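Predicted model, so just to flag it, every value in this text is computed and none were measured. Positions are given from 1, in the same order as the sequence printed here.
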Amino acid sequence: MASRAGRRQARQQHRAERAAEAGSGSWLGGHQQVERRSGAEWVVRSVTGAASSKQYRCPGCSQAIGPSTPHVVVWPVEKALLSDSALDERRHWHRACWQRLG
């Protein structure tokens with residue numbers, strides 16, 4: 001039987017592979033990980049203020065995320081039935097709004 005640390009490492013590796021399959025590119029820079037929210041797995045990428053030059057609307061609070069504001073970009077690991085790619089479903093969230101969703 002595998003040790004707890006070995007199982008954890010295997011889970012982290014699996015999540016990293018799933019994130020790569022879900023479209024992890026070098027766009028936007030920042031750290032990326034897979035998180036579980038609302039019964040689904042989501043790729044969550046941190047965006048630094050320096051990498052953000054547009055204004056977005058946060059789906060969590062419906063408020064603007066201004067240019068140069070650090071935030072997260074989130075998209076599902078598994079694409080929706082009618083989407084060409086999971087990246088088509090990406091949304092920009094305030095970090096606090098995304099954390100509250102959990």
Kindly compute the distance separating NE2 (His71) from CZ (Arg91), expressed to the nearest 0.5 Å. 12.5 Å
Do Val44 and Trp75 sit in one hydrophobic cluster, given that two such residues count as connected whenever their side-chain heavy atoms are within less than 4.5 Å of each other, even indirectly? no
Are Val72 and Trp42 connected in the hydrophobic side-chain network, where two residues link if heavy atoms are under 4.5 Å apart? yes
From Arg100 atom CZ to His94 atom NE2, the distance as rounded to the nearest 0.5 Å: 9.5 Å
Is there a path of hydrophobic side-chain contacts, each under 4.5 Å between heavy atoms of I, L, V, M, F, W or Y residues, that connects Trp98 with Tyr56? no
Distance-minimising heavy-atom pair for Ala64 and Arg57: N-NH1, 3.4 Å
What's the spacing between Asp84 CG and Lys79 NZ if we round to 0.5 Å? 7.0 Å
Heavy-atom pair with the smallest gap, counting every atom of Ile65 and Trp93: CD1-C, 3.6 Å
CA sep, side-chain torsions, deciding dist, call: Glu78, Glu41, side-chain contact (heavy atoms from CB on, under 4.5 Å): CA-CA 8 Å; Glu78 300 287 330; Glu41 287 189 321; over 6 Å; no
Would you check, one step at a time, whether the test side-chain contact (heavy atoms from CB on, under 4.5 Å) holds for Arg95 with Ser46? CA-CA 8 Å; Arg95 290 176 200 240; Ser46 296; 3.9 Å; yes
Gln32 backbone acceptor or donor facing Arg45 side chain under 3.5 Å: no
Taking every heavy atom of Cys97 against every heavy atom of Gly60, the minimum-distance pair comes out as CB-CA, 4.3 Å
